[in-house]
S.K.: 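Dropping a structure here in structure tokens format, bear with me for questions.
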Amino acid sequence: NAGVTQTPKFQVLKTGQSMTLQCAQDMNHNSMYWYRQDPGMGLRLIYYSASEGTTDKGEVPNGYNVSRLNKREFSLRLESAAPSQTSVYFCASSDTLDQGGGQYFGPGTRLTVL
Amino acid sequence: GEDVEQSLFLSVREGDSSVINCTYTDSSSTYLYWYKQEPGAGLQLLTYIFSNMDMKQDQRLTVLLNKKDKHLSLRIADTQTGDSAIYFCAERDGTSYDKVIFGPGTSLSVIP
């Protein structure tokens, strides 16, 4: 059981470049989430997916897109990266029948945009 | 809107008990959670409590919930240096199930 996996672990982009952050979970969870964590700002929700085929905006969706490819995978795309998107990105999954719906987090992707 | 607050820092001596406090504003919360984040890692779910419970114990961890005062605490007995980390309180919104509000995190330092 790998839990939640994320790739890549580290990434450096130039302003205007695009990239996709990958996330997969093997716990058969229905819900998946993308967060960003910044010093002094805490954890902020970018997008979430309550089930396969659905996605919804969170607190800070601007500049991002997501795809729930199947039940296991939830990707986050930056179409035109900006320095303000320098952050640590976490993917998480949860299910109402597992630990009260508590979220399981991946190890994070550390993104720097120059 | 909903808010979750925590003190930012706590320092304790090894072997003592640590108590990390959290307050929240959403009276319709269903579940409340405690997470631990070690440096360079993701958040790890430590424990959770359903909103109709007052207390939950899990080995060295004790969670107390005062729903009237909207106050949640995490007590770590016999604190060890490996407990040094950031601890996040979070609550699941009762009206929008997929909405989880996180506190800013409490950085726990354990002094040997």
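Protein chains get the first letters and strands the later ones, always in sequence-line order, with residue 1 at the start of each.
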S.K.: Top residue by heavy-atom pair count (under 4.5 Å) with chain B, among A:Y104, A:Y35, A:F105?
M.R.: A:F105
S.K.: With a 4.5 angstrom heavy-atom cut-off, which part of A:Q37 approaches chain B: side chain, backbone, both or neither?
M.R.: side chain
S.K.: Using only atom types and a distance under 3.5 Å, with no angle test, would you say the side chain of B:T106 pairs donor to acceptor with the backbone of B:Q6?
M.R.: no
S.K.: Does any N or O in the side chain of B:S51 come within less than 3.5 Å of the main-chain N or O of B:T30, such that one atom is a donor and the other an acceptor?
M.R.: yes
S.K.: Check for a donor-acceptor pair, side chain of B:W34 on one end and backbone N or O of B:L72 on the other, with a separation under 3.5 Å.
M.R.: no
S.K.: Indicate yes or no for a side-chain donor-acceptor contact from A:T109 to the backbone of A:P8 under 3.5 Å, with no hydrogens or angles considered.
M.R.: yes
S.K.: For A:R44, which atoms come within 4.5 Å of any heavy atom of chain B: side chain, backbone, both, or neither?
M.R.: neither
S.K.: Side chain, backbone, both or neither: which part of B:Y48 has an atom under 4.5 Å from a heavy atom of chain A?
M.R.: side chain
S.K.: Check whether A:S93 reaches the backbone of A:S31 with its side chain - one donor and one acceptor, N or O, closer than 3.5 Å.
M.R.: no
S.K.: Heavy-atom cut-off 4.5 Å, strictly under: side chain, backbone, both or neither for B:Q44 against chain A?
M.R.: neither
